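The structure appears right after this line, and notes come after that.
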Amino acid sequence: MSRKLIINCDDFGQSHAMNQAIMHLLEEGKVSSATLMAVAPGFEEAAAWSARRQQPNIGLHLTLTSEFEALRWRSLTGHASLHDESGHQYTTVREFEQRVETRAVLKELDAQYERVKRAGVAISHVDNHMGTLYGMETGRSLLPHMFWRASRWKLPARFFRYIDDQDPLLSSLSGIKRPVARAAALADTLGVSIPDYLLSHPFGLQAGETYDSFKQSIIDKLYRLPNGVSETYIHPGAEDSWMSMHIPHWEKRVWEFRLLFDDDFDYAMQDACVELVDYRYVEEKLRRSRIRSGIRLLGELAK
């Protein structure tokens, strides 16, 4: 079985510096896709560019947190439970899980989808900023609601059905396999196509990390990529003095942008026989039978 990789640029629309990097990567075909933040300050620039080009690989980055002190945003619907005392979305996933009202979240998801559609963007898939809907902090998962929305919108979604034992984040979580199996079965039952694996790497700068050591760590992962369709996400940004001063670990975002143009990365993709695909492939090749998936879901729930 072949090894295929989706490289998605998260946070499209966060800022001009993010937009510049992501638009360049999309223009050059260096990444699979990007996901757009309907509530962030750079949304209009990113959406206008995507609509003008009729870009086919722009997804919806459902955004319910606003994590940087120097760069904040509000929800579209304005419900009080979606905001902290400053009137902005919460800075942490834990605050979000503890304080939001489910009904308000659902209205906000719909509002973000509608704003992107009204901007003329043909949405290719859906994912979630900072994993706020996964329930990873307190166990309050809103994944079923995200899958139900994705089913209504007829879109594939970021999730996974298998856990790579070498993934630094997912493999470290105890007791995760059963809820993952149930969630994957639910997505399949609702007709929502998902990748096989989701692969992570540290968001911020690590102790002693350099561009070369970061690049080598990513290249090493290409040679260990599991069979099937894996997705990994990056947050590329252009060099920008204000962002460097105010956004933590901005240098890492510049590295991620630089990496995709690095000849060593291109060579490793070819040498490791990794094919770059996008969510059209997921939609066409990874859809499961809804009837059989429903039976499997009942079995998972009965365990």
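Values in this document were obtained by computation on a predicted structure and should not be read as measured data. In what follows, every heavy atom counts, from backbone to side chain, and hydrogens, waters and symmetry copies are set aside.
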Other residues, nucleotides and ligands only: do more than 12 of their heavy atoms fall within 6.0 Å of [atom1] on [X]?
X: W148; atom1: CH2; value: no
X: I291; atom1: CD1; value: no
X: K107; atom1: NZ; value: no

Using modelled atom types and a 3.5 Å cut-off, is there a donor and acceptor pairing between side-chain atoms of [X] and backbone atoms of [Y]?
X: R3; Y: A272; result: yes
X: T132; Y: L64; result: no
X: R287; Y: G191; result: yes
X: E251; Y: L205; result: no

Ionic contact status for [Y] with [X], cut-off 4.0 Å:
X: R99; Y: E85; result: yes
X: E97; Y: R140; result: no
X: R72; Y: D84; result: yes
X: R280; Y: E284; result: no
X: R224; Y: D164; result: no

Anything under 30° is parallel, anything over 60° is perpendicular, the rest tilted; go ahead and classify Y90 against F96.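 If you compare the ring of Y90 with that of F96, the planes turn out perpendicular.
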
* Is the F214 ring parallel, tilted or perpendicular to the Y211 ring (thresholds 30°, 60°)? ->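 Correct class here is tilted.
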
Heavy-atom side-chain proximity of [X] to [Y] below 4.5 angstrom:
X: H129; Y: D11; value: yes
X: I58; Y: I123; value: no
X: W255; Y: L259; value: no

Keeping to residues at least two apart or across chains, list the side chain to side chain donor-acceptor pair (under 3.5 Å) pairs with something in residues 178-189.
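Applying side chain to side chain donor-acceptor pair (under 3.5 Å) to every pair that reaches into residues 178-189, excluding sequence neighbours, yields R161-D188, D188-R296.
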
Checking H83 now: which residues fulfil ring pair (Phe, Tyr, Trp, His ring centres under 6.0 Å) with it, not counting sequence neighbours?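 Checked H83 against ring pair (Phe, Tyr, Trp, His ring centres under 6.0 Å); zero matches.
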
Would you say the ring centroid of [X] lies under 6.0 angstrom from that of [Y]?
X: H235; Y: F203; answer: yes
X: Y197; Y: Y162; answer: yes
X: F12; Y: F43; answer: no
X: F265; Y: F261; answer: no

List the atom of [X], the atom of [Y], and the distance in Å for their closest heavy-atom pair.
X: F160; Y: A184; answer: O-CB, 4.0 Å
X: I6; Y: V229; answer: CD1-CG1, 4.0 Å
X: V116; Y: A38; answer: CG2-CB, 4.0 Å

(Q) Through direct or indirect side-chain contacts below 4.5 angstrom among Ile, Leu, Val, Met, Phe, Trp and Tyr, which residues connect to Y267? (A)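 Y267 shares its hydrophobic cluster with I219, Y223.
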
Rounded at 0.5 Å granularity, tell me how far [atom1] in [X] sits from [atom2] in [Y].
X: H125; Y: D278; atom1: NE2; atom2: CG; value: 9.0 Å
X: S50; Y: L36; atom1: OG; atom2: CG; value: 6.0 Å
X: E239; Y: R258; atom1: CD; atom2: CZ; value: 9.0 Å
X: L25; Y: S33; atom1: CG; atom2: OG; value: 11.5 Å
X: S15; Y: E45; atom1: OG; atom2: CD; value: 9.0 Å
X: F159; Y: D127; atom1: CZ; atom2: CG; value: 13.0 Å

Do we see a donor-acceptor contact under 3.5 Å between the side chains of [X] and [Y]?
X: Q55; Y: N57; result: yes
X: S86; Y: H88; result: yes
X: D212; Y: Q216; result: no

Practice prompt. List in chain and number order the residues that pass side-chain hydrogen bond (donor to acceptor under 3.5 Å, both in side chains) with S217, two or more places apart in sequence or in another chain; answer none if no residue qualifies.
Written response: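 Expected list: none.
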
- Please list all pairs passing the salt bridge (Lys or Arg N to Asp or Glu O under 4.0 Å) test where one or both residues lie in residues 111-124, with sequence neighbours left out.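 Applying salt bridge (Lys or Arg N to Asp or Glu O under 4.0 Å) to every pair that reaches into residues 111-124, excluding sequence neighbours, yields E44-R115.
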
Query - Residue from L142, N128, V93 passing side chain to side chain contact (heavy atoms under 4.5 Å, CB included) with Y134 - result: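 Among L142, N128, V93, the one that satisfies the side chain to side chain contact (heavy atoms under 4.5 Å, CB included) with Y134 is N128.
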
Task: Residues which pass salt bridge (Lys or Arg N to Asp or Glu O under 4.0 Å) with E275, listed by chain and number, not counting sequence neighbours - done: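 With neighbours one apart ignored, the set is K4.
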
